[in-house]
Every structure is written in structure tokens, then in C-alpha cells.
Amino acid sequence: MQLTLWTYEGPPHIGAMRVATAMRGLHYVLHAPQGDTYADLLFTMIERHGARPPVTYTTFQARDLGSDTAEIFKQAVAAAYGRFRPQAMIVGASCTAELLQDDPGGLSKALGLPIPVIPLELPAYQKKENWGASETFYRLVRTLAPAAPAPERVRASCNILGPTSLGFRHRDDLREVRGLLGDLGIAVNVVAPLGATPADLGRLGQAAFNVVLYPEVARSAAQWLEKTHGQPFVETTPIGVKGTTAFIEAVAALAGIDPAPVLDGEGSRLPWYSRSVDSTYLTGKRVFVFGDATHAVAAARVAAREIGFSVVGLGTYSREFVREVRAEAATHGIEALITDDYLAVEAAIAAAQPELVLGTQMERHIAKRLGVPCAVISAPMHVQDVPARHAPQMGFEGANVLFDTFVHPLMMGLEEHLLAMFRDDPEFHDGVAPSHLGGRPREEAGTVVAAAPAIAATPVVWSIEAERELKKVPFFVRGKARHNTERFARERALPLITVETLYDAKAHFSR
Ligand code: SF4
């Protein structure tokens, strides 16, 4: 047992759903109890898919357990085939159904459907979402890509492997990478799983090599294609200007193409922006990076080598990729944090005292609690990280996006600092609302909290000096500081809040 409140990854069948939802003409029958259909919302709400995922759940209930759950599964497979007529199917069990030990593979084979039906063995109690996606994609490729290599191959042709549904910026990364390959004159044979049909997977062998964009999803499949089809693969992550340059050089080498014209092109604005004098204050800023292995390693590289930050923490929840993360951490002179326990991440961030956190949605919450600026660079993400606008992480445009993403929260911090500095300015002081709101005095943030009935029960008195000292606290946390100090004073029956009480309370609550 592990007490878990937040989890970085879902169970492996969510990974399988990400592959199925990314593809066309593929259907997934999932043996799962009633309620597991929550997973649909990930796709329809977070990723805003316009259609339900191609998943049929058996949704068995407690009363079904006494009867034949295997029969329920068989009926679901037959019904799904009849209704959707897919080119191929994947079948498997969710965590609860795994305990029932019905055999999805054997049961569906017994139905004798005229399409490939691929059973998935996803151990829900040992493995997680990304592993589930990787295993599913590998099984699909292994079954559907014919083992014999295609006789004729165009040297300058490749497959792009790895983009899925619910991947962090996969949609936009793909557009950038397609653009780069197009500029180089390299033909894209198949992109998979995103947008591919089972029949497309059958054409994978026609490309000369593979481009693995997300090793967490596509490395296993690429390794199999290399072994059986003799297709080499490029795994250089095109994130950041240096990453993108290395990627271009690597694919150009495999395709026998001169990369110079593309490398001499317009490129990214990141190098100039980070060299410009306005960015001087970024140099040496302490940054803590956490995420999946690919994004964490890439973000740490960009942060340190392209923007000039100092990486004081680097970690991942991707246990399958610890080697890469450890190696990258070593180049920053630190030890990698390998964990999927967000409390351990929170403790590490608090200990490292960074000025910026680059992480997942979880780190956004942690950073908010610790009062540290933060940007999201990796899944798990929330709906705001599936934006309507083009917002890649990869390629030269991705590097532009990264510069803005990393720097923006720090600028907000600078703004807050300036607001605090000019707190006593007659025009801008905290008591005055912004001019576009008419400049009328506004209530001090947090007074509502301080005036709550339970707290107001015992009045406390502030000395003039303590009130003045309180004014030095930035306005957005002043209400909380007032509230905490009054609580501290009441609990100790102090009749008067002095400057000393204020600092004692601060020390007490920051322990
Ligand atoms: S981001 Fe949303 S779902 Fe995630 S913990 Fe916060 S409120 Fe909950």
C-alpha cells in the first residue's frame, strides 16, 4: 500500500487509451467496472476531443460478479465490432478486471473476428500510463507492421513515432517537426500513433528510418523496427535551439542530406532574446526542473545552456528513464530526484530554494504554495496546457515558446517586487484601486479573513509600529500575515501585537 493523493501518471490502460484515441480505425475493448468511464473526460474535456474515445467498456457491476463476467466481455467485443467495424482491435483489462482473471485475449480469439485483435497485458499494479502507451504501441507495431523489410526504400524518408492523444503539446510539436523535415526535403511516410490507421502501421517498413519524438511512448517500437526491419532511429529531442540543431544534423546524416541550408535559415529568436541586455537578470537564477524524462532533461538543458539559469534540482517520475535523467543531472553537478511521490518533490523544492520551478501541473500547485514562480513543461497537465493557439515545445518556434514560458513567471515576480517597492507612492499605493477602476479605495486583501466571526471573538490590538511593519509585507500576502499574527497573539493571550509579535508569528508559521 502507498498512501497517494496525487499521481503523476494514470494506470497503464490510460496509456492504451491514449494510443487508441490518437489512431483512427482502431477500437479498444476494456474490461472494466462501472465508473472507469471517467477516463473519457480526459479526452473530451482536457484535450477537448470532439468525439468520444474509441473505447467500449464492459462496465460490470457488483451484481455481475456472481455471474459470468467473461460472457459480458465477449458480448462487448462482438457488439463493438458490429457497431464500429474497426480495422483492428485491442482488448485488455483495467486494474479491477485484472483481478477477475478473465482472459481478454483468449475470449476475443474465440469469437473469430475477421480483423486483428491484439490482447494487451498491462500489469496495473506495477506499471503506469506511459509504460501502458509504449507497450500498446509496441504490440500494435509488432502485429501490424509486416516483418519483411520493404524492397525499395527512399533514403530521405522517415516515420515519426510517439505523438499520442493527451501528450504534452504533441499536436503542435508534430507540426514543427513535420516542417523541419519538409525543409530538409525528407518525406514523412507514416506518423504514428497520432492520426495513423492500423493499415498505416502496415506501411511503416517503407521508410528508411524512424524519428522517435517521445521515447517514453515509442522507443520500444523503434527498437523492434530497427531489429526486424533494419530501420535506424533518431532519438535526439528537438527541444531548444541546440536540441533542434542536433536533431536536424542527426536526421540529415541518416537521410544523406546537407543540413546547412536549414540550419542557416531564420531559426529561433531565443538566442538573441536571451543575449539581449534585458535578459541579464536571468543569469544564474536558480531553477528546479521536474517532469517526464524527455521534457525534464530538455528543459534543464535549455534553462542552463540557452538561457543561463542555474539548475539546482532535476528529477523525473519516469522510472524507465532514470539513466538519462541521472546523466543530465550530473552535468549540472547535482543528483537526480527519481520519485513519483509529490511530497518528496515538494520537500526537494523547498530544500533547493529555487527562484523558478519548471514542472508539471503538480509542481504548479507546489510552487504556488511555496510562493515560487512556476511554468509547466510536462504532463500531467491541465486543460490550460492544451491551448487553442499553436504552442509547440519542439523546433525553433518551440524554442521561442520556451523562452516566453520560462521568463514570464519571473517577470511577474519582478512586477510584484516593484509594486511592493512603490507601495507608498501617493498614486499607486495599495489603498488605491487601479485608475481604470476609478481609483476608489479598496479593501485590503484578507481583511475579510481577519474579520471572520470566530477570529473576531477576542479583539487584539496592534501597536502603531507593528501596523507600520505590516505595511511592508506585499499586499497580496498581507491579509494572511495579519490573520496569522492575530491568531498567534490570541493563542498566547498577548494583549498587544508588537513588531516582535509579528516576527515571532512569522517564524512560527514558516516552521
Ligand atoms: S489542477 Fe485541477 S484536478 Fe489537478 S489538483 Fe488542481 S484542481 Fe485538482
Side-chain angles (χ1 to χ4, degrees), residues 6 8-9 128 130 168 214-216 219 235-244 246 270-271 274 279-381 393 398-399 402-403 405-410 413 510:
W6 285 354
Y8 283 95
E9 291 182 89
K128 298 252 180 200
N130 279 334
F168 190 79
Y214 309 101
E216 281 90 345
R219 180 184 287 174
E235 212 184 57
T236 314
T237 311
I239 293 186
V241 174
K242 290 184 196 298
T244 302
L270 184 150
S274 79
S279 296
T280 308
Y281 81 104
L282 301 174
T283 306
K285 286 255 183 244
R286 299 165 60 80
V287 57
F288 191 103
V289 187
F290 194 85
D292 68 28
T294 300
H295 289 94
V297 166
R301 285 185 185 155
V302 174
R305 289 165 212 151
E306 301 191 30
I307 303 187
F309 293 146
S310 163
V311 175
V312 295
L314 173 61
T316 185
Y317 57 82
S318 310
R319 291 192 181 273
E320 291 85 7
F321 291 81
V322 295
R323 202 167 42 87
E324 288 85 341
V325 181
R326 287 211 171 105
E328 180 62 26
T331 68
H332 301 277
I334 52 176
E335 203 173 314
L337 172 69
I338 313 295
T339 182
D340 58 3
D341 178 355
Y342 75 93
L343 291 173
V345 179
E346 177 157 7
I349 293 176
Q353 299 193 326
E355 292 161 276
L356 175 68
V357 174
L358 302 175
T360 73
Q361 181 64 17
M362 318 292 207
E363 283 66 51
R364 208 165 70 94
H365 285 269
I366 291 170
K368 198 151 93 187
R369 267 206 301 282
L370 298 175
V372 183
C374 176
V376 176
I377 49 108
S378 159
M381 76 280 196
Q393 295 241 303
L402 286 187
F403 181 85
T405 308
F406 290 10
V407 172
H408 184 207
L410 290 170
S510 55

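Computation of the quantities below employed the complete heavy-atom set of this structure, encompassing side-chain atoms and omitting hydrogens, waters and symmetry-equivalent molecules.
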Enumerate donor-acceptor pairs with a distance under 3.5 Å from any side-chain N or O in residues 329-337 to protein atoms, sequence neighbours excluded.
unit_1: Thr331; atom_1: OG1; unit_2: Arg305; atom_2: NH2; d: 3.0
unit_1: Thr331; atom_1: OG1; unit_2: Glu328; atom_2: O; d: 2.5
unit_1: His332; atom_1: NE2; unit_2: Glu328; atom_2: OE2; d: 2.8

**OP:** Mind checking the CD1-CG spacing from Ile377 to Asp292? Nearest 0.5 Å is all I need.
**Re:** 7.5 Å
Subject >> pair Val357-Ile366: side-chain heavy atoms closer than 4.5 Å >> reply: no
**OP:** Might you point out which heavy atoms bring Ala399 and Leu270 nearest each other, and give the distance in Å?
**Re:** O-CD1, 3.3 Å
**OP:** Work out which heavy atom in Thr339 is nearest to a heavy atom in Ala344; give both atom names and the distance.
**Re:** OG1-CB, 3.9 Å
Original post:
Is any side-chain heavy atom of Cys374 closer than 4.5 Å to a side-chain heavy atom of Lys368?
Top reply: no
**OP:** Please answer whether the main-chain N or O of Lys285 pairs with a side-chain N or O of Ser310 as donor and acceptor at a distance below 3.5 Å.
**Re:** no
Original post:
Going through the checks in order, is the side-chain contact (heavy atoms from CB on, under 4.5 Å) test met by Glu363 and Ile349?
Top reply: CA-CA 9 Å; Glu363 283 66 51; Ile349 293 176; 4.1 Å; yes
**OP:** Could you tell me whether the side chain of His365 reaches within less than 4.5 Å of the side chain of Trp6, counting heavy atoms only?
**Re:** yes
Subject >> Atom pair CG (Leu356) and CZ (Phe288), whose distance is rounded to the nearest 0.5 Å >> reply: 12.0 Å
Original post:
Quick one: does Arg364's side chain have a donor or acceptor within less than 3.5 Å of a partner on Val376's backbone?
Top reply: no
Subject >> Heavy-atom side-chain proximity of Gln393 to His295 below 4.5 angstrom >> reply: yes
**OP:** Using a strict cut-off of less than 4.0 Å between a Lys/Arg side-chain nitrogen and an Asp/Glu carboxylate oxygen, indicate whether Arg369 and Glu346 qualify as a salt bridge.
**Re:** yes
Original post:
Which distance, rounded to the nearest 0.5 Å, do you find between the CD of Glu355 and the CZ of Arg286?
Top reply: 7.0 Å
Subject >> Heavy-atom pair of closest approach, residues Ala304 and Val311 >> reply: CB-CG2, 4.0 Å
Original post:
Are side-chain heavy atoms of Ile338 and Arg326 found at a separation under 4.5 Å?
Top reply: yes
**OP:** Rounded to the nearest 0.5 Å, what's the gap from CG on Leu410 to OH on Tyr281? Could you check?
**Re:** 5.5 Å
Original post:
Rounded to the nearest 0.5 Å, how far does CG of Asp340 lie from CD of Glu9?
Top reply: 8.0 Å
Subject >> Shortest non-hydrogen contact from Ser318 toward Ala293 >> reply: OG-N, 3.1 Å
Subject >> Minimum heavy-atom distance Val289-Ala299, with the two atoms named >> reply: CG1-CB, 3.9 Å
Original post:
Are more than 12 heavy atoms from other residues, nucleotides or ligands located less than 6.0 Å from atom CZ of Arg323?
Top reply: no
Original post:
Quick one: does Val287's side chain get under 4.5 Å of Pro354's, heavy atoms only?
Top reply: no
Original post:
Going through the checks in order, is the salt bridge (Lys or Arg N to Asp or Glu O under 4.0 Å) test met by Glu306 and Lys242?
Top reply: CA-CA 8 Å; Glu306 301 191 30; Lys242 290 184 196 298; 5.8 Å; no
Original post:
With distance as the sole test, does Thr244 use its side chain to make a donor-acceptor pair with the main-chain N or O of Pro238 at under 3.5 Å?
Top reply: yes
**OP:** Check whether any side-chain heavy atom of Thr237 sits under 4.5 Å from a side-chain heavy atom of Val297, and report yes or no.
**Re:** no
Subject >> Selection residues 296-328 - residue pairs positive for ring pair (Phe, Tyr, Trp, His ring centres under 6.0 Å), sequence neighbours left out >> reply: Tyr8-Tyr317
**OP:** Indicate whether any N or O donor in one side chain lies under 3.5 Å from an N or O acceptor in the other, for Thr294 and Glu216.
**Re:** yes
Subject >> For the student: nearest non-hydrogen atoms of Gly240 and Leu402, plus distance >> reply: N-CD1, 4.3 Å
Subject >> Test item: Val302 and Phe406 side chains (from C-beta on) under 4.5 Å apart, heavy atoms >> reply: yes
